[in-house]
Structures are given as C-alpha cells and as structure tokens.
Asks: 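The structure is given below, and queries will be raised subsequently.
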Amino acid sequence: MNILLLVISAIFVNNFVLARFLGICPFLGVSKKLSTALGMTGAVMFVMTLASIASWLVYHLLLKPFDLVFLQTISFILIIASMVQLVELALQKLSPPLYRSLGIFLPLITTNCAVLGCAVLVVQNDYSLIQTTVFALAAAVGFGLSLVLFSGIREVLALADTPKSFRGTAIALVTAGILSLSFMGFAGLVK
Amino acid sequence: MDDKSTITPRDLIVSASPHIHSGQDVRSIMRHVVYALIPALLIGFWVFGLSAVKVLVLAVVGCLAVEWGCNKLLNRESSLLDFSAIVTGVLLAMNLPSGSPWWLVLVGAIVAIGLGKAIYGGLGYNPFNPALVARVFLLISFPVQMTTWSIPGVDAETGATPLGAVKEAVSLGKTVMDVDLATTKDLLIGTVGGSFGEVSALALLLGGLWLLYKGIIKWQIPIAFIATTLFITGIAWLIDPAHYVSPVFHLFSGGLMIGAWFMATDMVTTPVTQKGMLFFGIGCGVLTAVIRLWGGYPEGVSFAILLMNATTPLIDRYTKPKVFGEA
Amino acid sequence: MKFRGGIHPQYNKITADLSVEALPLMEKYVVPVAQHLGAPGKLLVAKGDEVFKGQPLTEAAGFVSVPVHAPTSGKIKAIKNLPHPIGIPMQAIEITPDEQDTLWDEIKPVGNWRELDPATMKSAIQNAGVVGMGGATFPTHVKLSPPEDKPIDYLILNGAECEPYLTADHRVMLEQPADVLEGVGLMMRILGVKKAVVGIENNKPDACKALQDNCPEDLDIDFVMLETKYPQGSEKHLIYALTGRAVPPGKLPMEVGCVVQNVGTAVACLEAVRDGMPMISRVATVTGSGINRPTNINFRVGTLLSDILAFCDGVNPETGKVIFGGPMMGIGQFDMSVPAIKGTSGILCLQNDEIAQFEGGPCIRCGNCVETCPMGLVPSILGLLSERFEFTEMGDNHIADCIECGSCAYVCPSHRPLVQLFKRGKVEWRVIQEKQNG
Amino acid sequence: MLAPTALLTGMGLVSGLGLAVAAKFFAVEVDPRQEQIADILPGANCGGCGLAGCSDFASAVVAGSISPADCPVADDETAQLIAEIMGVTVEAKDPQVAIVLCQGNIDIAAKKYRYNGLASCASASLLGGGDKGCGQGCLGLADCQRVCGFDAVEMTAEGIAKIIPERCTACGQCITACPKDIIKLIPANSEIHVLCSSHEKGAAAKKNCGTFCLGCKKCEKFYGEIPQIKIDSFLALVDYNNPPTNPEVAEVCPADAIVYLPKDKQTGRYV
C-alpha cells in the first residue's frame with residue numbers, strides 16, 4: 001500500500017511539474033509536439049531512474065560512511081551529467097530525428113532541477129532503494145504525463161487564432177498555470 | 001418574360017458548395033443553453049433570495065464587459081452577440097456561493113473571459129471551460145469566501161454543503177450515520193447549502209434533458225459521467241457504508257448535475273468524436289468520484305472536468321472515427 | 001445496410017409530378033469541347049463548316065475521352081474560349097442553327113443489344129459520347145471496361161437522386177422505365193454480370209413501381225428502396241447500402257465487384273446502341289424558389305443558360321444564386337451565357353434568403369460535422385488545418401477521401417466554408433504528393 | 001581534505017571512462033562545415049530556396065546539391081562567406097525585389113459576382129478564377145501577405161497587394177502563393193514598370209478595369225529601334241535585362257498602365 005501511495009503521490013498529488021514546479025524548462029521547451037514530448041519523457045525516465053539509484057548508492061555507500069554528506073550536490077550533478085551525456089550519445093546514434101527535435105533541451109537535463117530534485121528528495125525522505133526506484137520512476141511518469149497532456153494542448157493551440165502578443169511561450173505559461181490549478185484537485189489524496 | 005432581364009450577374013452570389021444550410025447557428029445554441037438554465041436559476045433565486053440575483057447580474061454584466069474590453073484591446077470584431085459570454089457569465093454565477101462579495105464575482109469574470117478565453121483567441125480556441133477556470137481559480141485563491149455557503153431561508157447564517165458536511169465528519173473520525181444528511185427531497189428541490197445554481201438537481205436535470213431533446217448536447221458525456229460516478233461511489237458504499245454515503249446522495253448533491261449536463265458538455269473544450277465523448281464522460285466520473293471519496297476537497301466535479309479538458313486533444317487524437325471502407 | 005452519418009435536408013422536390021418538356025430550337029448553341037473527366041477530344045471541324053444534328057465535332061483523344069456532337073444542323077460560327085460551367089472560359093464550338101434540324105446521314109442503329117458483342121457496343125457508346133449523367137461525367141465506356149483481374153458481380157443502377165430539388169432521374173424512371181431497364185440489360189451484357197440492383201430512395205415509390213412493372217423477364221434485377229438520406233447517391237455509400245460491401249479508401253467500386261451507373265446513363269447507352277444516337281440531349285430539372293416556372297426539361301447539350309431560364313419564364317428579382325447541379329454539390333454560375341452540358345442535371349435558382357451564407361466564424365468543436373461525415377473524417381480539424389496551411393497534415397488526416405458532399409458545411413453552426421477549405425487542401429495535397437513521388 | 005578529493009576524482013574518472021567507451025560505441029560523423037554554414041545563414045526558415053529550412057539548406061550545400069548563392073534571402077557577403085567555407089567561388093548576383101503587376105483596386109476594377117467564402121486568394125480562385133472581372137487581377141485577399149516572412153507585403157485600403165521593396169528579400173514565397181501569377185521578381189534598381197498582367201484585347205480589358213494595357217504599342221514605338229518595352233499578345237512587358245530609363249514613357253501610355261516609380265538609391269524605398 002505504501003508503494004501505491006508513493007506512486008499516486010509522485011504522479012498526481014506532488015506532480016513534479018505541476019505541483020512542485022520542477023523541470024519547467026523542458027516542460028515548456030519540448031512540448032510543442034506530442035512525438036517530441038514522448039521522446040523527452042523516455043529520456044527523462046531513463047536519466048531520472050538511473051541517476052536516482054546511482055545517487056542513492058553513492059550517498060549511502062560513499063558519502064554517508066565517509067562523512068562526506070556535504071558533497072551531496074556536486075556528486076549528484078556529476079552523476080546526472082554523465083547519465084545525460086550517455087543518453088545524448090545514444091540518441092544521436094539511434095534516433096537522429098528525436099535528437100534534433102530535442103535539441104538543446106537534452107543536454108539541459110543535466111542541470112534539470114527535476115532530476116536533481118528527485119535525487120535530493122530521495123535522500124531527504126530517507127527512502128529505501130526499492131522506494132527510490134519506484135519514486136523516481138513514478139516522478140518521471142508524472143513528468144511525462146504533464147508533458148504529454150501539455151503537448152496535446154499545444155498542438156491544438158498552434159492551430160488557434162491566438163492574439164499575436166500571446167502566441168508562443170506566453171500562452172503556454174497561462175495554459176500551464178491553468179493545468180496546475182486543475183492538478184490541485186488531487187490535493188489531499190495522499191495525506 | 002421581362003423578369004429575365006432582372007438578373008445581373010454581378011449581383012449573383014458565388015460560393016463553394018453546399019448552397020443550402022440547416023439553419024442552426026452558434027447564437028441559437030448558446031441561447032438554448034441559457035433557456036435550459038432558467039429553471040435552476042429560478043430555484044436559486046427562490047432559495048437564496050435577492051443576493052443570488054445580484055451575483056447573477058454582476059457575473060453576466062462583468063463577463064460581457066470583459067469580453068467587450070478584450071475585443072477592443074485585441075482589435076477584434078465584437079463577439080458579444082454570439083451569446084457565449086452570457087453563457088459563461090450565467091454558469092460562473094451559478095458556481096459561486098450566493099453570498100459572494102461583488103469583487104469576487106468580478107475577479108471571476110475577468111479570469112473566466114480574460115484568462116480563460118480571450119487570450120486564446122476567443123470562442124472556439126480555449127482549451128479549458130472558462131467558467132470552471134474562474135471557479136477553480138477563485139476556490140484556490142479565496143477559499144474562505146468560496147466556501148461560505150448561505151443556509152437556505154436563513155439569510156444571515158452560513159454552514160456547509162451536504163458533501164462538505166460528510167467529508168468533515170468522516171475526517172474527524174465519525175461515521176456517515178452521525179451526520180444529519182440532507183434528504184433526497186431537499187437535494188432534488190434545492191433547499192440545501194451550496195453554490196447558488198447547483199443546488200436543485202431536479203431543475204438542472206430538466207434543463208439538461210431539454211438540451212438533449214433539442215439535439216444541442218449529445219448523450220455520451222452526461223450519461224457516462226453520471227453513470228461512472230454512481231458506479232464508483234456505489235462500490236465504495238457497498239464495501240463500507242459507514243464511511244461512504246450512498247451513490248444516490250452523490251448523484252443529487254454538489255455540482256454533479258450542473259457539471260455533467262452543462263459544464264462537461266461545453267462543446268469547445270470536449271472531444272468532437274462520439275467515442276471520445278464517452279471516454280471524456282467516464283474520465284470525469286472517475287476523477288469526480290476519486291476526489292469526492294478520497295481527496296482533500298469535498299467536491300471534485302470542477303477539477304475533474306478541467307483535468308479532462310486537458311486530455312481532450314489527446315482523446316480526439318486517438319478516437320478518430322474509422323475512414324469509410326478502411327479495414 | 002445503413003451507412004454512418006449523412007443528413008436529412010428539406011427535399012423540396014417540387015417538380016416531381018411535372019412531365020419532361022422538350023425545349024424548342026434556340027438561336028445559338030455553344031458546345032464546349034471538354035464536357036467530361038479525362039482528355040478533351042480533338043477537333044474535327046473548323047469555323048464556317050456546315051454540320052448536321054448528331055455529327056461528331058471532335059474525336060476521342062485516347063481511351064478516357066469521348067467526342068462531342070452537334071446538337072442540331074447549322075453553321076459553325078466560331079471556335080474559341082467561351083464561358084464554361086466550371087467558371088473558367090474553355091474551348092467551345094459555337095453553332096448557328098439553320099432551323100432545318102437535319103439528322104446526320106451516318107446515324108443508324110447499331111443493332112439489337114441482346115445479340116451484339118460487348119466490344120462493338122462499347123465503341124458505339126464511346127462514339128456516342130456517353131458520360132456518367134449523375135454529375136461526375138466520367139466516360140461510361142471506361143466504367144464498363146473493368147480490368148480482367150477485377151471480376152464484377154453486380155451492376156448497380158443509381159436511382160437514389162439524393163440531392164434535394166432535383167427530379168430529373170425520377171422523371172426518367174417514371175416516363176421511360178422500359179428504356180432504363182433495357183439500358184441496364186445492355187450494360188449487364190457488356191460487363192457479363194448476371195445480376196443488377198436498382199437502388200431508389202424511398203421518397204420515390206412510384207418510380208420503383210414503374211420500373212418493377214416494366215422489368216423484362218430475361219433480366220435478373222433487384223429493386224431496393226433505400227432510406228431517404230443525403231448522400232445516399234454517392235457511389236461508395238450506395239454500394240454499401242445495397243450490398244454491404246465497403247469500397248476501400250482511394251479505390252474504385254470495381255475493387256468490391258461493383259459498377260455503378262446512373263439511370264440517365266442507362267437510357268443514353270441504349271439510345272447509342274439501339275438508334276445510334278449520340279448524347280446530344282439530356283433531362284434536367286429547372287427548379288428553386290427563384291425560377292418563375294419550375295419544371296423538368298429535355299434540353300440539347302449546348303443550350304445557353306439564359307435560353308433555359310427564359311423558357312421557364314425567367315427568374316424573380318429575389319434570386320441570388322443560379323446553380324448548375326443540386327444545392328449540395330452544384331456549381332454556382334455568374335455568366336448567363338454559359339451552356340448547359342452533359343453533366344448538367346439541374347439548374348437551381350435560389351432566393352437570397354435561403355442561400356447558405358458562409359461567415360467563417362470560429363469552429364466551436366460541436367462535433368456535428370464529425371457525426372455527419374459519411375466518410376468518417378474529422379472535418380472540424382481538417383478545416384482548421386486548411387486555414388493554417390497545414391496541408392501535409394491534412395493529407396495524413398485523409399483529406400483525399402473527402403467526397404465533397406457538403407454534409408459538414410450544411411450542419412456547421414459556425415457557417416464555416418468547410419468544403420471550400422477541403423477543396424483547397426486537396427489541391428495542395430496533390431501537389432505535395434506529386435513532389436514526394438518525384 | 002583528501003577523502004573528498006579522492007572521491008570526486010574517482011567518480012569523475014569512472015564516469016569519464018564510461019562515457020569514453022560510449023562515445024566510441026555510438027560514434028556519429030557530422031561534417032563541421034554544416035554547422036558553420038547554418039550559423040551564418042539568415043535563419044528565417046522561409047523556404048525560398050525550395051528546401052525545408054536553413055539547416056536543410058546548409059546540409060544541401062555541404063552535400064554539393066545546391067550552390068552557396070542559391071539562398072535568395074542572403075546577401076552577397078553571406079554567399080561569399082559560405083563559398084569560402086566550402087572552398088568554392090560564386091558569382092555575385094544582382095539584388096532583386098518582387099512587384100505586384102496589377103493596379104486594379106476596388107475603385108476601378110469590375111467584379112463579376114458577389115463572392116461569399118474564405119478570405120483567401122487561392123480558395124477564391126477555385127470559383128471561376130475569383131470575383132474580379134479581369135482574369136489577371138489582384139483578388140486582394142492577402143495570400144501573399146500571409147506567406148511573407150519579412151512583413152514586406154502591404155494590403156492597400158483599396159484592396160490590392162503592394163510590395164514594400166526595402167523589406168523584400170526576393171525569397172519568392174509570394175510568387176508561389178499568388179494564384180493569379182501576377183507577382184514577379186525584378187531587378188531592385190528598375191524604376192519603370194507595366195503594372196498590368198492582362199493579355200485581354202483592349203475592349204475586353206477596358207470592360208473589366210480602369211487601368212489596363214490594351215496593347216497599343218505606343219510604348220514600344222516610344223523607344224524606337226531597340227524597344228525596352230515590348231508587346232506580347234496585347235500586353236506590354238518591360239525588358240528587365242535592358243530596363244527602360246526614360247520616365248516620359250509613362251505619359252505616352254493612354255491607359256495609365258505604365259508607371260514610373262523612382263527609388264531612393266540609398267534605401268531602396270520608393271520616393
């Protein structure tokens with residue numbers, strides 16, 4: 001039951017993008033097309049899960065025993081950066097169109113607060129390794145859910161007769177706000 | 001034979017086919033929606049008195065004024081006559097407590113028309129139902145004012161909605177039996193606390209059925225919405241009647257009726273395919289039931305519809321009808 | 001079988017009970033060279049030539065091509081670009097009648113269709129310039145020549161006439177039932193099929209009865225009354241309604257073993273074989289609230305619109321639109337000197353107050369168009385895509401399958417010019433496809 | 001101090017080595033010139049070159065399937081820079097601008113019917129060529145304005161399109177968009193134009209429009225031996241290879257079809 005609550009919490013109640021406001025940069029940057037959003041979701045899922053597990057291992061096996069907890073942030077960033085590099089290299093080879101459409105946002109996962117936030121939260125909440133894996137995966141799913149929903153809306157908005165001054169990021173931010181408002185309905189589902 | 005000469009080609013209209021039209025237009029659709037809301041409005045006036053009238057007038061005038069202002073600011077043709085701002089105004093008013101202060105209503109109007117509709121390019125392009133955007137916005141920004149419900153008949157007193165009373169009791173560890181539940185008759189007629197337009201289930205049902213009869217809304221969304229809510233709340237009630245109220249209570253209380261018949265059927269923000277409408281209705285029902293049963297808010301209809309509005313593009317994408325002759 | 005979608009407009013078949021009147025000889029005829037889908041014919045005559053009634057003026061330029069013939073005897077006054085019903089001036093032959101109406105002496109019967117071999121009859125039909133009279137004007141002999149690997153099970157006779165106002169086919173079925181069925185038998189022999197099905201909308205029970213009463217004993221023909229619903233007369237939907245077979249997207253009826261012919265075409269085929277008479281006249285409905293005397297007429301191909309309107313006592317001052325064809329798919333005319341041609345099944349004059357006005361308001365996503373589209377498309381999205389020039393995406397959304405029936409625009413509460421948007425999209429999509437295929 | 005340093009160095013080494021292996025494994029070849037070229041292109045993605053955008057153009061240049069000078073928007077300098085990167089030479093091209101060859105505004109051009117439908121030239125022209133009586137008249141529904149990526153098309157109050165020469169980059173989008181085929185590219189420094197595209201004979205043209213070329217040949221004769229304006233089936237055409245210079249030719253035209261539009265040499269603006 002605990003695991004289920006963890007999943008619901010990470011996907012809906014404390015959705016990384018819409019409730020915690022983490023990872024806004026790729027949320028706005030790669031949500032113009034559904035296919036790109038799906039690709040980004042995959043990349044984030046991979047990086048987030050592996051990075052969280054690696055961070056957990058580093059934290060519990062190295063930092064804590066050697067009393068080096070103050071190195072938490074820098075070592076996590078190191079882990080995430082190498083993960084992202086790996087994904088980037090792989091994508092460039094395996095799916096060039098996706099690589100091109102993700103553009104600058106792929107390397108930007110490196111400094112993505114959602115991924116770092118996930119690693120930090122895992123440590124902060126003192127999750128076990130299994131909990132960490134589930135939480136990271138669910139958080140990535142939540143990120144993906146909001147990204148996919150949002151890209152669906154933006155594809156339709158691209159066809160709308162939006163006033164010139166609101167086109168692009170402006171209207172996207174307003175829409176994200178309303179989406180976030182509606183996600184507040186999930187508040188209280190997990191106490 | 002002289003008539004032959006009256007034809008001057010330059011006066012002839014040329015357009016692409018078809019050359020005839022069914023005669024239905026946006027204005028008449030919107031007008032019918034307003035007509036369908038009249039019974040519920042009258043009950044609201046009767047139950048809550050003059051303050052409800054005040055809220056309605058403020059909301060409608062406010063919405064029209066904001067629409068006019070946005071048209072001017074954005075340099076667009078006037079869209080006041082398409083009645084859509086009036087519908088938004090009426091629905092917004094019906095979703096507010098009858099004792100709402102004037103500024104709350106006006107903020108609602110600005111959010112609904114300005115943020116919910118105009119900046120997307122006006123009617124037809126808004127992804128979210130404008131009235132619901134405003135309601136949820138107000139609910140989160142001004143929780144106190146938005147949950148100060150007048151008790152019918154007693155002007156000065158305030159209390160909880162039927163659903164709110166249940167949620168509070170259960171969260172305090174009591175059982176449903178300890179709560180003085182509103183009777184089904186009260187819920188049907190509307191002599192209970194709540195937003196001024198949502199209290200009378202019967203009047204709303206009447207309006208909804210009339211819209212259905214007129215062919216303005218399609219059956220899929222309201223029926224799927226209501227049935228799904230009934231189904232899930234019903235299962236919960238069967239399992240644990242001490243902590244969950246009966247599905248009938250859920251059916252007639254809160255915003256389910258106005259939501260299912262009038263808000264979830266808003267054409268602009270819901271799927272265009274019939275299969276999609278079915279999914280939309282089911283999704284609304286599931287979310288409503290989940291929020292009502294386990295969420296922090298006593299009422300989930302507005303959130304459910306807004307959330308499903310967000311999924312509309314995806315639903316449309318994956319429920320396209322089969323092209324004729326395609327295997 | 002019922003097909004999905006469709007609409008129920010006001011039928012206004014005000015001329016259903018009026019007999020067909022033959023038009024008198026006019027002072028001038030204009031015969032466009034291109035009156036069919038496919039390659040226009042090659043000219044056989046020159047300015048100043050004397051021609052006789054039924055004499056070919058052009059010869060077929062290839063297989064998918066048919067000639068046009070002189071509607072009466074007279075002199076060729078000019079051969080030049082003249083107004084054409086499609087809206088753009090096209091090459092046409094102007095004839096000044098000599099008022100003798102002398103028949104060309106080479107017109108003689110080909111023979112009895114029950115004994116002739118299919119190839120002879122097919123060439124007789126091509127030489128007579130017979131094209132589909134439902135409006136698409138596809139050369140009939142081509143439709144009667146399915147490739148070897150596509151066996152045909154049914155000949156389907158289209159008597160649906162689902163367009164509101166039009167009653168030409170209805171009158172043909174009532175007045176020439178024997179000719180219609182003989183024509184069906186002839187086409188069955190050409191195709192080598194044993195079975196024909198006649199589909200008639202159930203608002204014309206009298207036509208169905210007339211045909212049933214005149215059915216030759218040696219022909220196996222079924223008569224089926226169909227639901228009155230637009231577009232019941234669309235080939236694909238008619239086949240589905242009668243046989244339950246669905247023609248796949250982008251394919252022709254022969255894919256499912258069917259050939260569809262219009263009732264008027266059946267009569268034209270019979271006349272071409274039995275009498276050797278080319279297609280120089282046809283039946284059409286002159287109707288609508290704008291015309292002073294609605295009626296059904298038998299006009300010679302090339303008669304000017306102004307002459308036809310005058311024959312029907314002209315139009316009243318409220319007339320805002322003159323349409324060749326029916327109200328759902330017809331083409332609006334703006335030049336009174338256009339000739340009525342082989343594909344002109346009706347001339348509809350509408351008063352200003354009943355004309356659809358396209359306002360181009362925003363789509364409110366009501367879903368009515370999705371519900372009515374008989375092809376299972378999503379017109380609302382296609383319309384938006386066309387407005388934003390997303391033609392490639394329109395193609396991905398099956399714009400090529402749109403039959404332009406107009407049901408979506410008919411029900412659209414925002415009065416969006418959907419068919420116009422789709423026509424544009426189709427043109428652009430074809431260009432994109434050509435580019436892709438090199 | 002030693003422990004943290006050792007830890008971070010160790011982690012860095014491990015991930016560095018891992019990435020090095022991965023880089024070998026997933027190696028992809030990219031020509032660096034492609035990026036260099038993409039950087040100096042205008043970046044408007046107008047599609048004027050016939051390709052999908054500037055990055056496609058860059059890869060086409062690298063692949064050798066298109067000349068560095070084929071970007072219609074880039075100026076000479078850019079073309080030379082691209083040529084340098086590619087190690088080839090290109091010839092300088094003369095700057096061009098687009099012009100709408102029609103003056104048939106609502107005051108003088110007759111309509112043949114009342115149009116009801118989309119405000120789009122391409123759609124309107126599907127209905128008998130549009131509502132203008134003249135078959136080569138500007139329909140005024142602004143398709144060219146919508147496709148212009150440089151805001152260089154202006155719709156006049158009288159309902160015809162006009163190109164603003166100092167903004168025009170000669171990308172050719174408007175020419176493709178115009179269903180009436182009345183927009184042409186001309187040398188940017190030419191000043192005398194025949195603003196009519198109708199091949200109709202005089203009488204027919206006159207019926208449809210107040211300003212038209214009736215093919216009277218007065219302009220042709222004006223220039224004598226080597227006419228800089230020539231008549232081709234009832235329409236005068238300016239020979240832009242040998243552009244006319246004497247503005248008095250405009251006075252000769254009986255139907256105001258020839259106009260003299262002097263330009264400021266510095267800014268390219270019409271004076």
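Lettering of chains follows the sequences in order, A, B, ..., and the numbering in each one begins at 1. Computed from heavy atoms alone, side chains included, the values below leave out hydrogens, waters and symmetry copies.
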Asks: Are B:Ser302 and B:Arg135 close enough that a side-chain donor and a side-chain acceptor fall under 3.5 Å?
Replies: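 Indeed, the side chains of B:Ser302 and B:Arg135 share at least one donor-acceptor pair under 3.5 Å.
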Asks: Using non-hydrogen atoms and a 4.5 Å limit, figure out which bit of B:Ser28 sits close to chain C: side chain, backbone, both or neither.
Replies: neither
Asks: Given a strict heavy-atom distance threshold of 4.5 Å, which part of C:Lys251 is in contact with chain B: side chain, backbone, both, or neither?
Replies: neither
Asks: Here's one to test your reading of the geometry: is the NZ or CZ of C:Lys229 within 45 degrees of the ring axis of C:Phe3 and under 6.0 Å from its centre?
Replies: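 Here C:Lys229 passes the 6.0 Å and 45° test against C:Phe3.
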Asks: So for C:Val247, is it side chain, backbone, both, or neither that comes closer than 4.5 Å to the heavy atoms of chain B?
Replies: backbone
Asks: Counting only non-hydrogen atoms closer than 4.5 Å, does C:Cys363 touch chain B with its backbone (N, CA, C, O), its side chain (CB onward), both, or neither?
Replies: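 Just the backbone, heavy atoms under 4.5 Å.
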Asks: Using non-hydrogen atoms only, which part of C:Glu255 is less than 4.5 Å away from chain B: side chain, backbone, both, or neither?
Replies: neither
Asks: Please classify the contact between C:Leu350 and chain B as side chain, backbone, both or neither, with a heavy-atom cut-off of under 4.5 Å.
Replies: side chain
Asks: Between C:Glu393 and C:Arg388, is there a salt bridge with N-O shorter than 4.0 Å?
Replies: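 Between C:Glu393 and C:Arg388 there is no salt bridge, as every charged N stays at least 4.0 Å from the carboxylate O atoms.
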Asks: Hey, what do you get for CG (B:Leu37) to CH2 (B:Trp210), rounding to the nearest 0.5 Å?
Replies: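 Result: 10.5 Å between the selected atoms.
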Asks: If I measure from the heavy atoms of chain B, does C:Ile355 come under 4.5 Å with its side chain, its backbone, both, or neither?
Replies: both
Asks: Under a 3.5 Å cutoff, is there a donor and acceptor pairing between the side chains of B:Lys218 and C:Asn368?
Replies: yes
Asks: Please look at B:Asp316 and chain C and tell me whether the side chain, the backbone, both or neither of the residue comes under 4.5 angstrom of a heavy atom of that chain.
Replies: side chain
Asks: Ring centroids only, cut at 6.0 angstrom: are C:Phe358 and C:His415 within range, meaning strictly under it?
Replies: no
Asks: Considering only heavy atoms, which portion of C:Leu384 lies under 4.5 Å from any heavy atom of chain B: side chain, backbone, both, or neither?
Replies: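 Side chain only.
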Asks: Around atom CG of B:Leu209, are there more than 12 heavy atoms of other residues, nucleotides or ligands at under 6.0 Å?
Replies: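 Check passes, neighbour count above 12.
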Asks: Shorter than 4.5 Å, heavy atoms on both sides: which option in C:Leu348, C:Val370, C:Val256, C:Asn352 has the most such pairs with chain B?
Replies: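 Among the listed options, the one with the most contacts to chain B is C:Val370.
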Asks: Counting only non-hydrogen atoms closer than 4.5 Å, does B:Gln274 touch chain C with its backbone (N, CA, C, O), its side chain (CB onward), both, or neither?
Replies: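 Contact with chain C is through the side chain of B:Gln274 alone.
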Asks: Go through the atoms of C:Pro249 and report whether side chain, backbone, both or neither lie under 4.5 Å from a heavy atom of chain B.
Replies: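 C:Pro249 touches chain B through backbone and side-chain heavy atoms alike.
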Asks: Can you tell which part of B:Ile29 gets under 4.5 Å to a heavy atom of chain C, answering side chain, backbone, both or neither?
Replies: side chain
Asks: Between the side chains of C:Thr303 and C:Lys28, does any donor sit under 3.5 Å from an acceptor?
Replies: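 Judged by distance alone, the side chains do not pair up.
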Asks: So does B:Glu67 pair up with B:Lys117, basic N to acidic O under 4.0 Å?
Replies: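 B:Lys117 and B:Glu67: salt-bridged.
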Asks: Side chains of B:Asp82 and B:Ser79 only: does a donor on one sit below 3.5 Å from an acceptor on the other?
Replies: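 No, because no side-chain N or O of B:Asp82 sits under 3.5 Å from a partner of the opposite role on B:Ser79.
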Asks: For B:Thr319, which atoms come within 4.5 Å of any heavy atom of chain C: side chain, backbone, both, or neither?
Replies: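 Looking at B:Thr319, nothing touches chain C.
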Asks: Check each atom of C:Ser380 against the heavy atoms of chain B and say whether the ones under 4.5 Å are side chain, backbone, both or neither.
Replies: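 The side chain, not the backbone.
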Asks: Of the backbone (N, CA, C, O) and the side chain (C-beta and beyond), which part of C:Arg4 lies under 4.5 Å from a heavy atom of chain B, both, or neither?
Replies: side chain
Asks: So what's closer than 4.5 Å to chain B heavy atoms on C:Pro374: side chain, backbone, both or neither?
Replies: backbone
